[in-house]
Amino acid sequence: AACHGLRLVAFRDLAALGYNEAEVKAIAAGFQVPGIDPATGEATTRPGLPTDNFPHAYANDIAASAANNNAVPPDLSLITKARPDGAAYLYSLLTGYSDQPASLLAEFPDAKTPDGLYYNPYFHGLNLAMAPPLTAEGQVTYSDGTRGTVDQMAKDVTAFLVWTAEPTMEKRKQTGWPVLGFLLFATVLGYLSYRTIWADKKKKKKA
């Protein structure tokens with residue numbers, strides 16, 4: 001939320017994940033979104049409403065680039081669909097920050113990660129402008145007592161972004177099985193009807 005946006009996801013969509021109306025309103029109000037001052041007509045900001053989409057952290061790409069070492073943080077709404085093996089890639093990226101291997105520096109001395117960037121072997125350029133977002137256990141407190149390890153948090157972030165890319169995927173899957181069952185039943189019924197209708201005609205033709 002400090003760097004990236006989810007411009008294709010509305011706060012009210014969170015209801016599909018089990019949040020109640022009050023929780024959705026509270027989450028939305030925790031964000032500032034663009035608005036218009038009704039008294040002056042000037043652009044301003046206001047607390048978010050459930051009908052608003054998640055805002056980007058920066059006003060424009062120039063501001064985003066200036067704050068992130070000349071890199072514009074991508075919108076994450078469709079990130080897991082925009083990358084090959086998106087879910088696996090994202091999880092690996094979140095947990096893959098490390099020091100550069102000594103063997104790499106020995107072979108390629110000029111490959112040292114520049115100041116302000118972070119080495120991550122899962123990123124295509126190896127050096128990433130985004131600082132490690134998950135750095136220590138307990139950054140997230142789980143209401144059910146789940147231990148907030150980096151691994152657990154990375155899995156949850158990944159699962160959430162898989163959902164933002166296809167919010168209706170589970171519903172489609174749930175609908176798909178009954179549809180397949182109906183089509184199978186209709187196929188069998190059609191075949192039996194065919195056998196029943198044409199059986200006598202085949203016998204007459206042979207006679």
Side-chain angles (χ1 to χ4, degrees), residues 1-39 41-60 63-64 67-68 72-83 85-95 97 130-182:
C3 298
H4 299 274
L6 291 171
R7 62 184 177 82
L8 301 180
V9 183
F11 292 111
R12 63 186 174 189
D13 294 334
L14 296 175
L17 297 179
Y19 291 94
N20 60 42
E21 183 178 354
E23 290 171 332
V24 171
K25 287 182 177 179
I27 292 171
F31 288 81
Q32 290 292 312
V33 301
I36 299 295
D37 188 326
E42 295 180 351
T44 184
T45 58
R46 59 171 175 78
L49 298 172
T51 52
D52 293 316
N53 284 20
F54 279 82
H56 201 284
Y58 302 99
N60 51 57
N68 292 278
V72 179
D75 185 86
L76 297 182
S77 303
L78 302 174
I79 192 65
T80 57
K81 295 189 71 174
R83 300 289 188 274
D85 296 322
Y89 165 78
L90 186 59
Y91 171 81
S92 298
L93 189 75
L94 289 171
T95 58
Y97 288 89
M130 182 177 69
L134 305 175
T135 57
E137 183 174 323
Q139 284 179 261
V140 173
T141 300
Y142 291 85
S143 59
D144 63 356
T146 298
R147 186 180 172 190
T149 62
V150 171
D151 176 73
Q152 181 65 55
M153 292 184 289
K155 287 178 180 177
D156 290 337
V157 170
T158 300
F160 175 69
L161 292 176
V162 168
W163 173 79
T164 66
E166 290 192 89
T168 61
M169 180 174 62
E170 288 298 322
K171 187 175 181 180
R172 288 205 315 272
K173 287 182 177 179
Q174 291 171 358
T175 304
W177 286 112
V179 170
L180 288 175
F182 172 78

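The figures here come from the full heavy-atom set of this structure, side chains too, leaving out hydrogens, waters and symmetry mates. Computed from a predicted model, the values in this text were never measured in an experiment.
Although no hydrogens or angles enter the test, the distance criterion places a donor-acceptor pair under 3.5 Å between the side chain of Thr80 and the main chain of Leu161. A donor-acceptor contact shorter than 3.5 Å is absent between the side chain of Asp85 and the backbone of Ala88. Judged by distance alone, with hydrogens and angles left aside, the side-chain atoms of Asn68 form a donor-acceptor pair with the main-chain N or O of Ala64 at under 3.5 Å. Without hydrogens or angle criteria, Glu166 side chain to Trp163 main chain gives no donor-acceptor distance under 3.5 Å. In this structure, the side chain of Asp37 does not engage the main chain of Thr44 through any donor-acceptor pair within 3.5 Å.
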Test log, rule side chain to side chain contact (heavy atoms under 4.5 Å, CB included), inputs Tyr89 and Ile79: CA-CA 10 Å; Tyr89 165 78; Ile79 192 65; 5.6 Å; no

What verdict does the side chain to side chain contact (heavy atoms under 4.5 Å, CB included) test give for Gln152 and Arg147, after you've listed the backbone C-alpha separation in whole Å, the side-chain angles of each residue and the deciding distance to 0.1 Å? CA-CA 8 Å; Gln152 181 65 55; Arg147 186 180 172 190; over 6 Å; no

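Residues Tyr19 and Arg12 form no side-chain contact, since every pair of their non-hydrogen atoms from C-beta on lies 4.5 Å or further apart. Residues Val150 and Glu137 fail the side-chain proximity criterion, which asks for heavy atoms closer than 4.5 Å. Proximity of Gln32 to Pro47: side-chain heavy atoms (C-beta onward) are separated by under 4.5 Å at one or more points.
A perpendicular orientation is assigned to the rings of Phe160 and Phe54, their planes being inclined by more than 60° (bins at 30° and 60°).
Of all non-hydrogen atoms in Pro55 and Phe11, the two that sit nearest each other are CD-CZ, 3.9 Å. Listed here is the closest heavy atom pair of Ala131 and Tyr97: O-OH, 3.7 Å. Annotation for Ile27 and Phe31: closest pair O-CD1, 3.2 Å, computed over non-hydrogen atoms. Between Leu76 and Leu6, the closest heavy-atom pair is C-CD2, 3.6 Å. Between Ala165 and Leu78, the shortest heavy-atom contact is O-CD2, 3.8 Å. A pairwise comparison of heavy atoms in Leu94 and Val157 identifies CD1-CG1, 3.8 Å as the closest pair.
Atoms CG and OG1, on Leu8 and Thr164 in that order, are 8.5 Å from each other to the nearest 0.5 Å. Taking CG of Asp75 as the reference point, atom NE2 of His4 lies at 9.5 Å (rounded to 0.5 Å). For the atom pair CZ (Arg83) and CG (Leu93), the distance works out to 9.0 Å, reported to the nearest 0.5 Å.
Using a 3.5 Å distance cut-off with no hydrogens or angles, the side chains of Asp144 and Thr146 do pair a donor with an acceptor.
A salt bridge links Arg46 and Asp52; the closest N-O separation between the charged side-chain nitrogens and carboxylate oxygens is under 4.0 Å.
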